[in-house]
Every structure is written in structure tokens, then in C-alpha cells.
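Read the numbers this way: they start at 1 and go in the same order the structure lists the ligands and their atoms.
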Amino acid sequence: MRYSTLVSFPKDFFWGGSTSAYQVEGAWNEDGKGPSVIDMRASYPEGTTDFKVASDHYHRYKEDVKMFAEMGLKAYRFSIAWTRIIPDGDGEINQKGIEFYHSLIDELRRYDIEPIVTMYHFDLPHALQVKGGWSNRGTVDAFERYAEVLFKEYGQKVNYWLTINEQNMMILHGSALGTLDPNLENPKKELYQQNHHMLVAQAKAMTLCHQMLPEAKIGPAPNIALIYPASPKPEDVLAAANYNAIRNWLYLDMAVFGRYNNLAWAYMKEKDILPVIEEGDMDILKSAKPDFIAFNYYTSQTVEASKGDGNDEFARGGDQHLKSGEDGVYKGGNNPFLSKNAFGWEIDPVGFRSTMREIYDRYQLPLIITENGLGAFDKLEEDGSIQDDYRIDYLEKHIEQIKWAITDGVEVFGYCPWSAIDLISTHQGCSKRYGFIYVNRDEFDLKDLKRIRKKSSYWYETLIQQNGDNIGK
Ligand code: BG6
């Protein structure tokens, strides 16, 4: 639908920025922090750094928060490293870890920046992984206890909680993220059991949050992107519905309605990967209610009917870690109408609007975008500037689509692009930069880790001052 005028962004809109602990903090083994599955990864893709120092935010958070304030950020979405709080996942509490996040949150509050806290962003404690990770039902209890510690410690300072970042990507692309246990004998079956356990853990955390902190709000944070059929061919449309169910609705139907999506269930049954559901699980899942939906969006995907000829899998942008497509379910493919970024990810701002409309139509809950952004090889110019006009272009087009979605009647209360500051990509090193703020380091040369605001950060600052009024005109 076209409109003669677009509705303005709400006055108290959360213009933010986003990061995750292991990708930005560094200090991987300091002040009592235990190792996570990410720290214990056996190897990293060739030519890419590990996460030991990252952007050294752990030591430089004051300087970073000051820069966020200069940019005018209204919100900062970050994650807490479970292994700083409880180094082995379910044992002793580490006071120094607790203090770090108190200091970070206090610093944000000093500048009136709303902390939006992800409880778990890919970095499961290694000690829990050794005991079976999410395959072990005990991890559900460990997560509930961890949640209780977080709510007790930070509940008076944090109003917005996100449970688990991109649970769907951990299930679908765990090998790229470093979250997949390489020792699993029957990965797919195990993964859907893990998925069930994570869904129960999330439900328990949401219920606990409401019991302990009646004023606080909590929601899931999957990666949601509408799947297109490659053509109007009915079989392609069915394939897109299959993948939408497996990739997107499985996670949100459960978080919001407390039931398994029927197509996703039929898929798991057919593949013989149905999870074991313990007595009482469905009651736990049904009684938990999110207050909002947070989601991450980078790109859309296009699929067609499975050919079943062994060639259904498609490597997005040639990235073997991000393959999708499955015999008898759907075949992955390209969308000829979209351009691509330097890493082969399709750029689709209009798909972003469609995704917001679809989520809101299905669930009728307020939305916040907790990740969206452009990975690029930024260049530090001789004059010390970073001219990332391509990022401005990407963000502007996506923000405009939020405005269209708001005009469509979708309730959106915040936008936290990835990333507030440069950090380490999940599997493509630190040369794939996303930040508004440049961090002066290379893959293997830490240099001085100096912070430099990129051109996009000044552009975002102006946009925030105008509350997005200049967008879409
Ligand atoms: C999301 C994750 O999947 O995408 C982030 O939540 C990640 O952790 C981001 O960094 C961008 O992906 P990548 O692979 O380019 O780092």
C-alpha cells in the first residue's frame, strides 16, 4: 500500500545500537570468567581472529558508552556473558562478573541510555556443554537459575529483557556460529531436542521475570525474515510456507501461543526428529507470555520446490556455513530482484517491511528490531575518517521501511542496528565490520584499538535528533 504521508516515529522511540558479549568484550578469561563454548572452539575459519580480545569493550566500556551518548543513542542492546556471572553455568556466582554489568548499566543510565539486555547470545558455558549442553535437561534448570540471578541483581535497573538470541540460527546454522557440539552423533535429532529444551528454558525465564519483576518486559529474540517463493508456481509457494514454518514460525508460535507450529511439527515427524516432551512441558510453554517480540533482520530468502535430486542445498553468497535447502522440503535459491552486499547477502529493505507486517499480523505484539546492519570492509582513510556511505544507504532504506510499517499500523518501539561499535563477526573475523564506531585493529594485529566515529555515526546522530522525521521524504 502507498500512502500520501507517513506516520512519524513515536516520541520515545528507542534509537539504539546492538552488540553481544563475546563479540565485543574480550577479557575472555579475566576476573573469574569461565570459558564458554565460543572460547573453547577448536578452530576458527582461516584468516580470522579468535574472540579473546575482540574490541576490548570490557576494559573500555566507559569510553564506548560516552561515544554512544555523543551519538545520542536512546538504547543499547547488549548481552550478558553467562560465564562471567556463573563461570561453570550452574555453580558459584562470580562477584566480579556481577559488578562489571552493574557498572556498565549504571554508566548507560548516567547518560539516559536504556539498557536492553540479552540473557544469552550463543556463549553457553563450556562446563554445561561438557555435560551435554542443551541436550541435557539440566541446562534448562541452569538457565532458570541464571535468569533468577540476573533478575535479582539487575531487575531494579533493567526494564527490557531478551531471552535467547537467535535460537533458530543456533538450530539451523550452529556450525557457523560455533554453537554446534561437534561430537553429536545424530545432530538433527539432538538439535530439535535442544530446541525444545531452549523453548522450555525461555518460557520459564519469561514466567519468572513476570513473577519477580512485574514492571519489567521480556521477549524472545529470533532472527526472522520472510521467505519468498521463487515464482507463483503453487509448489514453490508451498515450499516457502514450509521454510517459513521451520525457520520462523516454529519459534514465535511457541513463544507467543505455547504450541508447536503444525507444519514444523509435521516436518520433524517426517524426518524422525521429534523431541521428547516431558510431562508438564506444554503447560510451562503455554503459560509463559512475552510482552513484545524482538527480532533480528539482515536479509530475506527465496526458495522453490525441492527437486529431491541432491542439489536442494544452497550456500548463501557462496558461504558453505550458511547452507539452506532440504530434500523434500524446499530448495534454496537467489532472488534476481535484489542486490547483494560484499559477502553475498541479499539486501532487501522492502522484505523488512513485509516481515514486520507479517509478524505483527500473526502475533499482535509490539516489535523491536534488535539487529539489522551491513557487514563491510571499511577503510580507515589517511585523514583518519571512515566514509561508510554504503552503510548509511543500507540503514536509511531499512529505517524508511520501519516508517512504512508503522504507517501500516505495526507497533514498533525501537531499532537497534548491528552494531553499536565494531566487533568480531560470528565466522568472518573482524574485517567484516558493522559498527558505527571504528575499532583500530586487524585480524591478528591489535594495534591501538582506538575508537573512531564513522561517517554513519554522525548521520545516525542527526537522524536521532530529528526522530527520523527526515526519513522517507
Ligand atoms: C546475527 C547474530 O546472526 O548476525 C550476531 O546475532 C552476528 O551475533 C550478526 O554477528 C551478523 O552475522 P555475522 O555472521 O556477519 O557476524
Side-chain angles (χ1 to χ4, degrees), residues 16-25 36-39 41 44-45 47-51 54-55 57 76-82 116-124 162-180 198 219-225 247-248 251 294-301 315-324 340-348 352 355 368-378 390-391 394-395 398 415-436 439 443:
S18 189
T19 64
S20 89
Y22 81 93
Q23 293 175 276
V24 76
E25 284 178 3
S36 71
V37 292
I38 305 286
D39 299 319
R41 256 164 94 153
Y44 297 89
T48 66
T49 177
D50 57 28
F51 297 88
S55 301
H57 177 69
Y76 176 49
R77 179 265 188 164
F78 62 95
S79 77
I80 290 184
W82 187 341
I116 299 176
V117 175
T118 316
M119 300 164 66
Y120 160 47
H121 191 125
F122 301 159
D123 50 358
L124 185 75
L162 313 174
T163 53
I164 301 177
N165 179 71
E166 293 197 355
Q167 180 179 326
N168 54 343
M169 295 300 107
M170 285 195 267
I171 300 305
L172 295 166
H173 300 297
S175 60
L177 303 172
T179 56
L180 180 72
M198 277 192 249
N223 179 312
I224 303 294
R247 186 197 188 283
N248 297 321
Y251 300 87
F295 75 102
N296 302 344
Y297 174 91
Y298 289 88
T299 181
S300 56
Q301 270 176 271
R316 198 166 84 198
D319 186 339
Q320 295 304 319
H321 291 286
L322 294 179
K323 276 190 184 163
S324 65
K340 290 183 177 153
N341 73 15
F343 294 85
W345 296 22
E346 286 165 342
I347 299 177
D348 185 9
F352 186 32
T355 300
I368 178 166
I369 296 95
T370 39
E371 286 183 34
N372 171 241
L374 184 74
F377 296 105
D378 295 338
Y390 37 85
R391 181 165 294 110
Y394 178 99
L395 294 173
H398 283 78
Y415 176 66
C416 299
W418 188 262
S419 48
I421 181 167
D422 278 350
L423 38 67
I424 317 298
S425 146
T426 56
H427 66 290
Q428 289 171 310
C430 76
S431 313
K432 185 187 197 183
R433 295 173 184 271
Y434 282 92
F436 285 114
V439 174
E443 297 294 345

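A donor-acceptor pair is defined here as one N or O able to donate and one able to accept, closer than 3.5 Å; no such pair exists between the side chain of S431 and the backbone of F377. Judged by distance alone, the side chain of Y44 and the main-chain N or O of D50 form no donor-acceptor pair under 3.5 Å. Judged purely by atom type and a 3.5 angstrom limit, N168 uses its side chain to pair as donor or acceptor with the backbone of R247.
Ring geometry for H427 versus H321: interplanar angle over 60°, hence perpendicular rather than tilted (30 to 60°). The aromatic rings of Y297 and F352 sit parallel to each other, their planes meeting at less than 30°, with 60° as the upper class boundary.
In this structure, the separation between CG on L162 and OG1 on T370 is 6.0 Å, given to the nearest 0.5 Å. To the nearest 0.5 Å, atom CZ of residue F51 and atom CZ of residue F122 are 10.0 Å apart. The distance from the OG1 atom of T179 to the NE2 atom of H121 is 10.5 Å, given to the nearest 0.5 Å.
The protein heavy atom nearest to atom 11 (C) of ligand 1 is Y434 OH, 3.4 Å. Shortest contact from atom 14 (O) of ligand 1 to any protein heavy atom: T426 OG1, 2.5 Å. Nearest protein heavy-atom neighbour of atom 2 (C) of ligand 1: E371 OE1, 3.3 Å.
For ligand 1, the atoms closer than 4.0 angstrom to any heavy atom of N165 are 6 (O). Which parts of ligand 1 touch S425 is read off a 4.0 Å heavy-atom cut-off, strictly below it: atoms 13 (P), 14 (O), 15 (O), 16 (O). Atoms of ligand 1 found under 4.0 Å from any heavy atom of K432, numbered from 1 in the order shown, are 13 (P), 15 (O). Annotation for ligand 1: atoms under 4.0 Å from non-hydrogen atoms of Y298 are 1 (C), 4 (O), 9 (C), 11 (C). Taking every non-hydrogen atom of E166 and a distance limit under 4.0 Å, the qualifying atoms of ligand 1 come out as 1 (C), 2 (C), 3 (O), 6 (O). Every atom of ligand 1 is numbered from 1 in the order shown, and the set under 4.0 Å from a heavy atom of H427 is 14 (O). When each atom of ligand 1 is checked for a heavy atom of Q23 under 4.0 Å away, the hits are 5 (C), 7 (C), 8 (O), 10 (O).
Within the 4.0 Å heavy-atom shell around ligand 1 one does not find Y22. Heavy-atom separations between F343 and ligand 1 are all 4.0 Å or longer.
There is a side-chain donor-acceptor pair under 3.5 Å between Y390 and D378.
With a 4.0 Å heavy-atom cut-off, ligand 1 is reached by no atom of Y297.
In terms of polar-atom proximity, N223 is not counted as a contact of ligand 1, lacking any N or O under 3.5 Å from an N or O of the ligand.
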